[in-house]
Visitor: 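Questions regarding the structure given below will be posed in turn.
Each ligand, and each atom within it, is numbered from 1 in the order the structure gives. Index from 1, following the sequence. Bear in mind the structure is a predicted one, so any value in this text is a computation, not a measurement.
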Amino acid sequence: MHKVFAKPLFLGKKVLFLTECHSTNDELLQLVKKNDPIEGTIVYTDYQTNGKGQRGNVWFSERGKNLLFSVLVKPTYVEVSKQFLLNVAMGLGVVKCMSRHVSKASLPCLKWPNDIYVADKKVGGILIENLVKSHLIDASVVGIGVNLNQSAFVNPMATSVKMITGSEVNSLQFLEELLIDIEFYLMKLKNRKEKELMETYYSSMYKLGEVANYKDEIGSFEGIIRGVDNHGRLIIEKDGVNCTYSIKEVEFLGD
Ligand code: BTN
């Protein structure tokens, strides 16, 4: 079935609905390689048998309960060295949309690099797979999972909008709103508003400036997040020294 979202400008003008699939990212990546679909093409599903998360993790989601989709963006104006800005734009889009749904309960924020957190629990995640041409990003498959209506999780650190607010959310309505919010930040990226994007990212960044526990290759330590560097690596102050970390190099252990 194909559907078109009317309100967004360029995202969701072609949508492929699948009752189930391995991973919407894999489905869209295959489409990109075979058919070169238009920017904004979406693969949406009710259930994934092999949902992919960051760091090689599996993304579990109960059938028909949550938002699971991938969207094709063609940010050919973003240099590979600045690809973190695409994470920023996407993450901010999800936070903007989420904040309308949970604001009364608690404000959402972004746990580096782009996990969506509400009240110290994860409510959504983003997995971006870039196709690169020379030094520019040619196409990005942006996979987004948002826990909307699931009532319980094996992982005690996971939550859903329904668990936070007590209300059910219509996933297609949420998706249409989310696409508009993502477009808002993609336009900032296209118009080279990097400083503004980063300021907004910092204003939503989980644990920025707070003492918390982390683990790196040397061991566990108490540190303070100070921001991200130009390559999107996390900067943590450790024993008075700023250390930078890529995604697999550091783990958050809690307060
Ligand atoms: C994370 O680990 O936080 C990223 C999770 C991303 C999950 C979404 S669900 C839709 C899309 N398809 C996938 O296989 N993964 C992403």
Visitor: Drop me the distance from F69's CZ to L28's CG, to the nearest 0.5 angstrom.
Guide: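 The distance works out to 11.0 Å.
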Visitor: Flag yes if more than 12 heavy atoms outside D138 fall under 6.0 Å of its CG atom; otherwise flag no.
Guide: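 Yes, enclosed.
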Visitor: So that I know where these two stand, are Y117 and F252 an aromatic pair - ring centroids less than 6.0 Å apart?
Guide: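 Not under 6.0 Å, so no.
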Visitor: Can you list every protein residue that has a heavy atom under 4.0 Å from any atom of ligand 1, sorted by chain and residue number?
Guide: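 Answer by chain and number: S23, T24, N25, Q48, G51, K52, G53, Q54, W59, L68, F69, S70, D115, K122, G125, I126, L127, G143, I144, G145.
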Visitor: Taking atom NZ as the centre, does K13 end up with more than 12 heavy-atom neighbours from other residues, nucleotides or ligands that are less than 6.0 angstrom away?
Guide: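 Enclosed.
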Visitor: Got a second to check how far D46's CG is from T19's OG1, nearest 0.5 Å?
Guide: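 Output value for this atom pair is 6.5 Å.
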Visitor: Is there side-chain contact between V169 and K162, with at least one heavy-atom pair below 4.5 Å?
Guide: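 The answer is no; the side chains never approach within 4.5 Å.
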